[in-house]
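Report on one structure; see the data block that follows.
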Amino acid sequence: MAATATEPLQTRVLGVQVSVCPDVFEAALALQQRGGGQIVTLNAEMTMAAIADPSLGAAIEAAQLVIPDGAGVVWALARQGYRVRRSPGIELARELLGHAAQRGWRVALIGSSPQVMTQLGAQLRQQLPALQLVFCAHGYQPAEAWAGLEHQLLAARPDLVLVALGVPRQETWIQSIPGRRGGLWMGVGGSFDVWAGTKKRAPAWMGAMQIEWLYRLLQEPSRWRRMLSLPQFAWAVWRGA
Ligand code: UDP
């Protein structure tokens, strides 16, 4: 059976579920129409993290749409005979913001530093004046503030919630919100930092050569330990684990 834009096929990479669909934006809109749910953007590092961390694994398993964001996952899918395009989460999130502005969706942004959140809020109000930003909160709140924030967030009845708390926290946090229903909820990692201009994305040629990971490593050398999972991922897929 072929995957369609609105009915993705489900498969697994190293046991972690991934949706195969020709157009992730259309698939996200279809999910919103079906009542919403959680979108996860899966890369090789996250796949290995999900295997090692059962709470992340469970959050991904419970998500409604898991898109292949990363050359490693696309390669693993190709080995199963699925030809898919890499779908960077940052691009899907931006497309959804544009759509939200056109359609009057209620949008919530959670995560990143207080400075980035302030900058991003101002920037989005300028770039997408029609955008209905109904809730914004940075990601460095004291532990006791979160329950109240979650309550306010749900009361704002968002149609789209972008969460920049990093992996695995953003995925497990979305999963754990009591009474969450309706709307698209998506972890977006460092996207707010990129949009606000405090972090840069790898140049397109590095993306094309599938060495975006190298750019990230050069920009944030402290990630080297996390990145050891990349050769482990490649080896496990190659062995057919
Ligand atoms: N972050 C946050 N609260 C925290 C830790 C991180 O809001 O307690 C934010 C951080 O400021 C950044 C994002 O989460 O905007 C994580 O970005 P990163 O590129 O590290 O994402 P990942 O690679 O983990 O998806």
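These numbers come from a predicted model, not from an experiment. All heavy atoms count here, side chains included; hydrogens, waters and symmetry mates do not. Both counts, for ligands and for their atoms, begin at 1 and track the order of listing.
Ligand 1 is never approached by Met46 to a heavy-atom distance shorter than 4.0 Å. Heavy-atom distances between Arg223 and ligand 1 reach below 4.0 Å in at least one pair. Using 4.0 Å as the threshold, His138 has no heavy atom nearer than that to any atom of ligand 1. For Arg226, the closest heavy-atom approach to ligand 1 falls below 4.0 Å. Taking 4.0 Å as the cut-off, Phe192 does not count as a neighbour of ligand 1 on heavy-atom distance.
Scanning the protein for heavy atoms near atom 1 (N) of ligand 1, the closest one is Tyr140 OH, 3.2 Å. In this structure, atom 8 (O) of ligand 1 lies nearest to the protein heavy atom Arg169 NH1, 2.9 Å. The protein atom (non-hydrogen) at minimum distance from atom 3 (N) of ligand 1 is Gly139 O, 2.8 Å. Among all protein heavy atoms, the one lying closest to atom 24 (O) of ligand 1 is Val167 N, 2.9 Å. If you check which protein heavy atom lies closest to atom 13 (C) of ligand 1, you get Gly189 O, 3.5 Å.
Heavy atoms of Lys199 found under 4.0 angstrom from ligand 1 belong exclusively to the side chain. Of all the heavy atoms of Arg216, the ones lying under 4.0 Å from any atom of ligand 1 belong exclusively to the side chain. When non-hydrogen atoms are compared, ligand 1 lies under 4.0 Å from the side chain of Asp193 (C-beta onward) but not from its backbone. Contacts with ligand 1 closer than 4.0 Å are made by heavy atoms of both the backbone and the side chain of Ser112. Looking at Gln115 against ligand 1, nothing comes within 4.0 Å, counting heavy atoms.
Using a 4.5 Å heavy-atom threshold, the side chains of Gln132 and Val107 count as separate. Between Met46 and Asn43 there is a side-chain heavy-atom pair separated by less than 4.5 Å. Between Phe25 and His99, the closest side-chain pair of non-hydrogen atoms falls below 4.5 Å. Side-chain contact between Arg180 and Gln175 is present, with heavy atoms from C-beta onward closer than 4.5 Å. At least one side-chain heavy atom of Phe192 sits less than 4.5 Å from a side-chain heavy atom of Met117. Under the 4.5 Å side-chain criterion, counting only non-hydrogen atoms from C-beta, Met48 is in contact with Leu14. Residues Arg201 and Pro88 have side chains in contact (heavy-atom distance under 4.5 Å, counting atoms from C-beta outward).
Of the listed residues (Ile39, Leu97, Ile110), just one forms a side-chain contact (heavy atoms from CB on, under 4.5 Å) with Leu162, and that residue is Leu97. Leu184 pairs with exactly one of Leu96, Leu92, Leu65 by the side-chain contact (heavy atoms from CB on, under 4.5 Å) rule, that one being Leu96.
Closest non-hydrogen pair, Ile174 versus Gln38, comes out as CG2-CD, 3.5 Å.
Taking every non-hydrogen atom of Ser113 and a distance limit under 4.0 Å, the qualifying atoms of ligand 1 come out as 11 (O). Atoms of ligand 1 found under 4.0 Å from any heavy atom of Gly111, numbered from 1 in the order shown, are 7 (O). Counting the atoms of ligand 1 from 1 in the order shown, those under 4.0 Å from a heavy atom of Gly190 are 17 (O), 18 (P), 19 (O), 21 (O).
With salt bridges taken as basic N to acidic carboxylate O contacts below 4.0 Å, one links Glu212 and Arg86.
Comparing Gly187, Ala164, Ala49 against atom 14 (O) of ligand 1, the shortest heavy-atom distance belongs to Ala164.
Ring geometry, Trp238 versus Trp75: the interplanar angle falls under 30°, so the pair is classed parallel (tilted spans 30 to 60°).
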